[in-house]
Each structure stands twice: as structure tokens, then as C-alpha cells.
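Single-structure report; data block below.
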Amino acid sequence: IEHTNQVPTPNRLGVVATASTYEARSGKTHRQLCDTFLRELNADLVELIGGGLVHTGHPGMSQPAPKPRIGILGSTRGTNTLHIYAEIAAGRLNVEVGVVISNISKAAILSRAREAGVPAVHVPGKGRSREDFDAEVNDVLARHGCDMVLLVGFMRILSPVFCDAWRGRAVNVHPSLLPKHAGLMDLDVHQSVLDAGDTESGCTVHLVDSVVDAGSVIVQPSVDVAP
């Protein structure tokens, strides 16, 4: 994977994170990395929410369970959401996006949600306690019928008000191989990779915990860092 300043379009799949600070390369193709990542993530989403078949009450008959509904929290560009929308549209990711929430009113993640036909909600956080902000976020997620939450570039530390309500149902995407470079955000993570002289980097999808970047790992694809 080559990481550049260019923002990928929905059909450019396989990008784990974009960064201007380095190039990382892997023996796998974009398509292979993306297929593996989304297949494992989709399986975990269904398992966490309890997907599969539900009985109709008639012997020998069943019908597909409703698609899990995810809420997305983000503060930045929301590049990875483009791939989520594309995979849903292609029928390869069996979920619905119920709402996208941002604490930044002009964040690109909101405009991208609107372009995809997904409700986009700004929840202001300036001057509010974490608990008050998180309570409103919980209300918005509930109103949109969300079963679980995906954090994509969300630049706030969440309080127990959120973590307790979504325990086991909230997933964060962090642009490093945790526990390495935990607690950092966005391009600071990639600069830390370079400063440390790491020979590989990647992305970690993990459950959200009250301790920042410390939840159980779901999937962790890696790439080599070019000298």
C-alpha cells in the first residue's frame, strides 16, 4: 500500500490509513488487503451483534435477521467511511449505517455521509463535559436505532457514560499496530512510527474500552515501512 496526500475515491479500496509522512509497502495487493480486512470485520460485526438467522415461529422456516445498524463517530476526513459505503453498496458488507456523528461541524466525514445518503449530525463538544457530550451522542445513536458504533478518526476521549453504554459494541480504528504508539492521533501516529525506526506499521481495529487504545484487538493488518 502506498500512503500519500491524495484522498482515495470510493473505488480505490484497500487503504488502511492515509499519511503524508511515509510510504508503506506490502506483498499483497490493495484488493487482497481490503477483502481480508472487510471480510474479518464483517464477520466480527455480525458475531458481536448476534446476526445469522431468526426463526419465524413456523417449523422449518426462517428469514434473514435485520441488518446490523452501525453509528459512526469521527472528527476528520472520514476517508475509511468511503470504503464502508462502497462495500455496503456492492453487497459485500452486511450492515447499514444509521448515522454519522462529528464534534466538528465542518468535518469532511459529515459531508461524505450526506453524499452517501446517510444522516449526518453535528454534536458540539466545546465547553461541555465529556459526560454531557457523551450522553447526547448516546441519545443520537439510540434515535437512529444503532446496534453498535464505529470510531473513525474520532478526536475525543470517551467517558464511562459512553463506554459503559456500548461495552462490547463499540469499535475503534487506530492507525498503528497497538499497543505501539497508543494515545496518539492522526499524522502524529505515523511520525511516531518514523521516529521510532519501526520496520512495519499498520492498523488496529479494537473494542473500545475505558482505557484509551487498550481494548481487545479484532483485526490488525500490517505493512512494511519503506526505508
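Looking at heavy atoms from C-beta onward, I109 lies out of side-chain contact with F154 at the 4.5 angstrom threshold. Using a 4.5 Å cut-off on side-chain heavy atoms (C-beta onward), R112 and T79 make contact. With a 4.5 Å cut-off on side-chain heavy atoms, V161 and R130 do not count as touching. At a threshold of 4.5 Å between non-hydrogen side-chain atoms, the residues R143 and D139 count as touching. Looking only at side-chain heavy atoms (C-beta outward), V171 and L207 come within less than 4.5 Å of each other. Considering only heavy atoms from C-beta on, V225 stays 4.5 Å or farther from T199 through its side chain. Contact annotation: the side chain of M148 never approaches that of P68 to less than 4.5 Å [non-hydrogen atoms, C-beta and beyond].
A search for side-chain hydrogen bond (donor to acceptor under 3.5 Å, both in side chains) contacts involving D132 returns R128, not counting sequence neighbours. By the side-chain contact (heavy atoms from CB on, under 4.5 Å) test, I104 is found to be paired with S75, S102, A107, residues two or more places apart in sequence or in another chain being considered.
Between the side chain of H181 and the main chain of L177, no donor-acceptor pair closer than 3.5 Å is present.
The two atoms that bring H144 and V99 nearest to each other are CG-CB, 3.7 Å, heavy atoms only. When all heavy atoms of G125 and F133 are compared, the pair lying nearest together is CA-CD1, 3.6 Å. In terms of heavy-atom proximity, C163 sits nearest to D209 at SG-O, 3.9 Å. L110 approaches V100 most closely through the heavy-atom pair CD2-O, 3.7 Å.
Atoms CG and SG, on L178 and C203 in that order, are 9.0 Å from each other to the nearest 0.5 Å. Annotation: the span from R169 atom CZ to D147 atom CG amounts to 7.5 Å, rounded to 0.5 Å. The NE2 atom of H174 sits 12.5 Å away from the CG atom of L151 when rounded to the nearest 0.5 Å. In this structure, CD1 on I84 lies 4.5 Å from CD1 on I72, to the nearest 0.5 angstrom. Atom CD of E131 sits about 11.0 Å away from atom CG of L158, to the nearest 0.5 Å. Taking CD1 of I101 as the reference point, atom SG of C146 lies at 7.0 Å (rounded to 0.5 Å).
Applying the side chain to side chain donor-acceptor pair (under 3.5 Å) rule to pairs touching residues 153-167 yields D134-S159, N138-W166, D164-R167, sequence neighbours excluded.
L150 and V140 are not part of a single hydrophobic cluster, where members link through side-chain heavy atoms under 4.5 Å apart. Each of V97 and L141 belongs to its own hydrophobic cluster when Ile, Leu, Val, Met, Phe, Trp and Tyr are linked at side-chain heavy-atom distances under 4.5 angstrom. In the hydrophobic clustering of ILVMFWY residues, with side-chain heavy atoms under 4.5 Å counting as a link, V208 and V173 come out apart.
Partner of K67 under the side chain to side chain contact (heavy atoms under 4.5 Å, CB included) criterion, chosen from N94, L93, I88, V95: N94.
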